[in-house]
Amino acid sequence: MSRGLNKVQIIGHLGKDPEMRYTPSGKPVTTFSVAVSRSWNSADGERHSETEWFNVVAWGNLAEICKQYLVKGQQVFVEGRLQTRRWDDKEGQKHTSVEIVANEMMMLGDRRDANNNHTQEAALSSAENGSSMAEDEFPF
């Protein structure tokens, strides 16, 4: 019997502040978008770049942490799995969305704390892996 693998890792910048809501059963869920840019040189030496946007969904403790610490423009590492959702809107139109269901998040770059203006770095994991937070200073 063969096994499958559904794992994705991205590093990019948040397009807007995360939005958190609760399911009818009270479970927190946070959504945010991440822009990942890449650049390359074509055969003629011309420089090209493009940006891909990814929708990210975090659940439980990780959802609460993402809402509390992430802000628009911040660089972030996200690891999780791809999930495709399909639904019909009120007019009967079919929609499809591919999103990353996060199980790990790491803040990268600067985040200015409004209270004491210092830089924080944090590694955060979902409740599945035990919620943890490690703070380190990085010189960039």
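Starting from 1, each residue takes its place in the sequence as its number.
For Glu64 (side chain) and Asn61 (main-chain N/O), no donor-acceptor pair under 3.5 Å exists by modelled atom type. At distances below 3.5 Å, at least one donor-acceptor pair connects side-chain atoms of Lys67 with backbone N or O atoms of Pro18. Between the side chain of Ser39 and the backbone N or O of Ser49, no donor-acceptor pair lies under 3.5 Å.
The distance from the OG atom of Ser33 to the NE2 atom of His13 is 12.5 Å, given to the nearest 0.5 Å. To the nearest 0.5 angstrom, Gln93 atom CD is 9.0 Å from Asp88 atom CG. Between the CG atom of Leu82 and the CD1 atom of Ile100 there is a distance of 6.0 Å, given to the nearest 0.5 Å. Between Phe54 atom CZ and Glu99 atom CD the span is 13.0 Å, to the nearest 0.5 Å.
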Using distance only, find each side-chain donor-acceptor pair of residues 21-28 under 3.5 Å and give its atom names and separation, not counting sequence neighbours.
unit_1, atom_1, unit_2, atom_2, d
Thr23, OG1, Ser25, N, 3.4
Thr23, OG1, Ser25, OG, 3.0
Thr23, OG1, Gly26, N, 3.4
Thr23, OG1, Lys27, N, 3.0

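The minimum heavy-atom distance linking Ala102 with Val78 is given by the pair CB-CG1, 3.8 Å. Of all non-hydrogen atoms in Asn55 and Ser97, the two that sit nearest each other are ND2-OG, 4.2 Å.
A salt bridge is absent between Asp17 and Lys72; no separation between the charged side-chain nitrogens and carboxylate oxygens falls under 4.0 Å.
Between the side chains of Asp89 and His95, a donor-acceptor pair is found at a separation under 3.5 Å. Using modelled atom types, one finds a donor on one side chain and an acceptor on the other under 3.5 Å when comparing Gln83 with Arg81.
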